Amino acid sequence: MLIISQLIGIRIRRALEEFVSECTTLSESSIALLDPQLVPATKPEFGDFQVNCALTLAKPLRKPPREIALAIVEKIKHDEQFLELCEVPLIAGPGFINITVKPKCLISELEHRLRDKRLGVPPIDSDRSDKQLSRVVVDFSSPNIAKEMHVGHLRSTIIGDCLARVLEFRGHTVLRLNHVGDWGTQFGMLITHLKQVAPLALKKPDAVDLGDLVDFYREAKQRFDTDITFQALSREEVVKLQSGDEISLKAWSLLCEQSRREFQNIYQRLDIRLTERGESFYNPYLQSVVDGLERSGLLVVDDGAKCVFLEGLVGKDGKALPVIVQKRDGGFNYATTDLAAIRYRFTAIPQGDGACRVIYVTDVGQSNHFFGVFQVAKRAGWIPSDGSLEHVPFGLVQGEDGKKLKTRSGDTVRLRDLLDEAIGRAEKDLRRRLREEGRQEDSAFISNVSSTVGLASVKYADLSQNRITNYQFSFDRMLSLQGNTAPYLLYALVRISGIYRKGGDTDLALSKVEFSEPQEWVLLRELLKFDDVIVLVEKELLPNRLCNYLFELSQVFNRFYDQVPVLKAEEPHRVSRLALCRLTADTLKLGMTLLGIPTLERM
RNA sequence: GGGGCUGUAGCUCAGUUGGAUAGAGCGACGGUUUCCUAAACCGUAGGUCGUGGGUUCGAGUCCCGCCAGCCCCGCCA
């Protein structure tokens, strides 16, 4: 009810302005008094909206809050435009003004949404001030080349995709960037090690498989940490690579190609689209980052390393903490790359991405890093005045023991294994149900439902939690058929599909819409909240708000379904209820699509 | 030592610029099916919102102290 609430807000504000100007002369300070504080009602019995300003105004106006509320209501109840939309407001408690939207307004909203593919969510183009924000970079997933994707990439991938979908739906041009780790010290290590133990892997595509590569990586890392000679060789190798040595580059590109195919496999299963643009992309821009910082006078050479000292962050010794942009050995590091990336992304097309909002979806452990890098970028003047740079952090994935999720043998969990297990468990559940209910389904049905339910459960479990807190991973909970889970939501949709299969009309004679049951009104009001929720998610970048809404909606629908017959109802109730069913289905489907979750007709 | 995040029911978690009696789900206990998929619905029990102060008409929410857990802290990303 975005539009309705905006209109109500305007009318209330008008009444408020009139009232305040009668009490006092409008000064600078009293402008601040003019916010009606219109918010959705906290409880259904309070109506649709509530106005809280009477309580805040009591002190500055030196009047009791109820008196203020009464005066506002007196004015608003003669406002014809307001009365078109709402009943005469009621005053409750210490001075709340409760507002109820008229039934005919709600019904006309319903009719409008049934014809509107966007279900009432405005595209940004309709609001000119948003236009400049239309290019958005979402940096997410970002696995490392020569490693397999593991559970650590799960949240970034799923949350990032969801945020990108919401932003795209709102009409932004979104660049979904996969900032893969395809550069830096780790390649020096790996290539040096491979040269010694498996030189073929660097010359011939797929000479070793990715699993072996991961083992080699682990070995290389261990040698790097313990063997000084190896460390030196690795550093040399990085320098060779960064200076464009042909043999090193060839080896590097073979490794990248091999990992890339593996990543793509996972992204396809999850239905996630990403543009790969690894760290190496910014290689040509690294030197100019250092030069730029030098010119702006921010650069300090400390112990041989070129760095920028941060404001507001102090280390152990009481000295400011540095961001190192060029190491003692002349090499660049991740801070340099991130700075180059920020600069490139904000630079106008065609020299850069022309973005106005850049979003990083990474774990909360990188907060310090981004704090530093963002500050340096700001002080260097690389962020346009209307540009927004946001770190969207998320917590750790933990096992049910509350510790970082590991396999039984203590290894990190591979993403493909995790997805396979979710699907496997979903299939077991489904087969048990089919047996218990004596249903017969072919193998295509079983495999489609299992894989949809399994993947949906993994995604939904992650998205439905406030991303900032650590997330306790549990197959049992996410696949559970009850509660705030993907199967529960999918089931609500399946019930609606059932109604249509059993003879629900799809072309609705909307002129006859009429409601008689409280459950119908509750459902309609819930449906009309959708546009608010999407706009909120876009602003706050919290997908769990959308999940909570879809869960609420499913609960409300299930109550309705349970207590109110649809197909057997007399007209005009039948067509009215079918209209509610269709809008519920449309809303759930669109909501799930924005979460990156496909839906089912039957399950 | 410094910084970040977290602390809400037995468990997992919600809680929109501070608003009315703090909410779900799971688990527990009890009930509902000649009817559109019961993978559902209804009910009961369960709370000093870590803790102590402060701000104010009003604090789970804002400020300060303390306690506990996790993470980060110069050349890895």
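Letters A, B, ... mirror the listed sequences (proteins, then strands); counts begin at 1. In this text, all values refer to a predicted model and were calculated from it rather than measured experimentally.
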Contacts under 3.5 Å, N or O only, protein and nucleotides 25-32 of chain B:
none

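Residue ring and base: A:Phe371 does not count as stacked with B:rG4 (centre distance below 5.5 Å and interplanar angle below 30° not both satisfied).
Among pairs with a residue in residues 301-311 of chain A, none fulfils side chain to side chain donor-acceptor pair (under 3.5 Å), at least two apart in sequence or across chains. Applying the side chain to side chain donor-acceptor pair (under 3.5 Å) test to residues at least two apart or on different chains, the pairs with a partner in residues 556-566 of chain A are A:Tyr488-A:Asn558, A:Arg495-A:Asn558, A:Gln519-A:Gln563.
Across all strands, A:Ala492 comes closer than 4.0 Å to no nucleic acid atom at all (heavy-atom distances). Within the 4.0 angstrom heavy-atom criterion, no nucleotide atom of any strand lies near A:Pro487. Here A:Gln50 lies in heavy-atom contact (under 4.0 Å) with a base. Using a 4.0 Å heavy-atom criterion, one finds that A:Val564 contacts the bases of the nucleic acid, with or without backbone contacts as well. Across all strands, A:Lys59 comes closer than 4.0 Å only to sugar-phosphate atoms, never to a base (heavy-atom distances). The residue A:Arg495 sits close only to the backbone: its heavy atoms come under 4.0 Å of sugar-phosphate atoms, none of a base. Heavy atoms of A:Pro565 sit under 4.0 angstrom from at least one base atom. Among the protein residues, A:Phe224 comes within range of no part of the nucleic acid, since none of its heavy atoms lies under 4.0 Å from any strand. Residue contacts for A:Ala58: at a heavy-atom cut-off of 4.0 Å it reaches no nucleic acid atom on any strand shown. In this structure, A:Arg235 reaches the sugar-phosphate backbone alone: every heavy-atom distance under 4.0 Å involves primed, P, OP1 or OP2 atoms, never a base. Within 4.0 Å of A:Thr469, counting heavy atoms only, lie sugar-phosphate atoms of the nucleic acid but no base atom. Within the 4.0 angstrom heavy-atom criterion, no nucleotide atom of any strand lies near A:Val323. Residue contacts shown for A:Leu430 include a base, since a base heavy atom lies under 4.0 Å away. Within the nucleic acid shown, A:Gly181 has no heavy atom closer than 4.0 Å to any nucleic acid atom.
A:His193 is listed as a side-chain neighbour of A:Phe230, based on a closest heavy-atom distance under 4.5 Å.
Checking the phosphate oxygens (OP1, OP2) of B:rG23, a side-chain nitrogen or oxygen of A:Lys43 falls inside 4.0 Å. Here A:Lys502 reaches the OP1 or OP2 of B:rU37: one of its side-chain N or O atoms lies under 4.0 Å away.
On the C1' atoms, B:rU51 is 26 Å away from B:rC57, given to the nearest whole Å. Taking the P atom of each, B:rG60 and B:rC49 are spaced 7 Å apart, rounded to whole Å. The same atom, P, is picked in B:rU6 and in B:rC62; the two are 10 Å apart, to the nearest Å. Between B:rG52 and B:rG7, the two C1' atoms lie 16 Å apart (nearest whole Å). For the C1' atoms, the distance linking B:rG58 with B:rG2 amounts to 36 Å, nearest Å. Between the C1' atoms of B:rA24 and B:rC64, the separation comes to 33 Å (whole Å). For the P atoms, the distance linking B:rC67 with B:rA22 amounts to 31 Å, nearest Å. Between B:rC13 and B:rG27, the two C1' atoms lie 14 Å apart (nearest whole Å).
Sequence order on RNA chain B of the closest nucleotides to A:Leu542 and A:Arg501 puts A:Leu542 first from the 5' end. Take the nearest nucleotide of RNA chain B for A:Ile496 and for A:Ala92: the residue whose nucleotide is more 5' is A:Ala92.
Ring orientation note: the planes of A:Trp252 and A:Phe187 are nearly perpendicular, at an angle over 60° on the 30°/60° scale. Using bins of under 30°, 30° to 60° and over 60° for the plane-to-plane angle, the ring pair A:Tyr549/A:Phe530 lands in the tilted bin.
The side-chain contact (heavy atoms from CB on, under 4.5 Å) check on A:Leu298 picks up A:Leu293, A:Ser296, A:Val308, A:Arg379, A:Ala380, with sequence neighbours excluded. Here A:Phe281 pairs with A:Tyr344 under the ring pair (Phe, Tyr, Trp, His ring centres under 6.0 Å) rule; sequence neighbours left out. Every residue meeting the side-chain contact (heavy atoms from CB on, under 4.5 Å) condition with A:Gln231, not counting sequence neighbours, appears here in chain and number order: A:Phe224, A:Arg235. In this structure A:Arg218 satisfies the salt bridge (charged side-chain N to carboxylate O under 4.0 Å, His left out) test together with A:Asp215, sequence neighbours excluded. With sequence neighbours excluded, the residues satisfying salt bridge (charged side-chain N to carboxylate O under 4.0 Å, His left out) with A:Glu390 are A:Arg357. Looking at residues two or more places apart in sequence or on another chain, you find no side-chain hydrogen bond (donor to acceptor under 3.5 Å, both in side chains) involving A:Asn98. Not counting sequence neighbours, A:His573 has no partner by the ring pair (Phe, Tyr, Trp, His ring centres under 6.0 Å) test.
Between A:Gln472 and the options A:Glu400, A:Gln398, A:Arg477, a side-chain hydrogen bond (donor to acceptor under 3.5 Å, both in side chains) holds for only A:Arg477.
Between A:Asn283 atom CG and B:rA77 atom P there is a gap of 12 Å when expressed in whole angstrom units. At whole-Å resolution of the value, CG in A:Asp338 and C1' in B:rC76 are 13 Å apart. One can place CG of A:Leu190 at 16 Å from C1' of B:rA77, the figure rounded to the nearest angstrom. Regarding A:Met478, its CE atom lies at a distance of 12 Å from the P atom of B:rC13, rounded to whole Å. If you take CD1 of A:Ile468 and C1' of B:rG7, they are 14 Å apart, rounded to a whole angstrom. Rounded to whole Å, atom C1' of B:rA14 lies 14 Å from atom CG of A:Leu536. In this structure, the CG atom of A:Asn333 is 9 Å from the C1' atom of B:rA77, given to the nearest Å.
Comparing B:rC36, B:rC5, B:rC76 by their nearest atom to the side chain of A:Val364 picks out B:rC5. For A:Leu567, the side-chain atoms get nearest to B:rC36 when compared with the rest of B:rC36, B:rU16, B:rA40. The nucleotide whose nearest atom lies closest to any side-chain atom of A:Arg545 is, among B:rG15, B:rA39, B:rC76, B:rG15.
Shown here is A:Gln222, whose CD atom has no more than 12 heavy atoms of other residues, nucleotides or ligands within 6.0 Å.
Not a single donor-acceptor contact under 3.5 angstrom links the side-chain atoms of A:Tyr491 to the base of B:rA39. A donor-acceptor contact under 3.5 angstrom links the side-chain atoms of A:Asn98 to the base of B:rA20.
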The dot-bracket string of RNA chain B, counting Watson-Crick and G-U wobble pairs with both distances under 3.5 Å, using [ ] for crossing pairs and | for pairs to another strand, is (((((((..((((.....[...)))).(((((.......))))).....(((((..]....))))))))))))....
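Of the residues in residues 459-467 of chain A, A:Gln465, A:Asn466 come within less than 4.0 Å of RNA chain B through at least one heavy atom, sorted by number.
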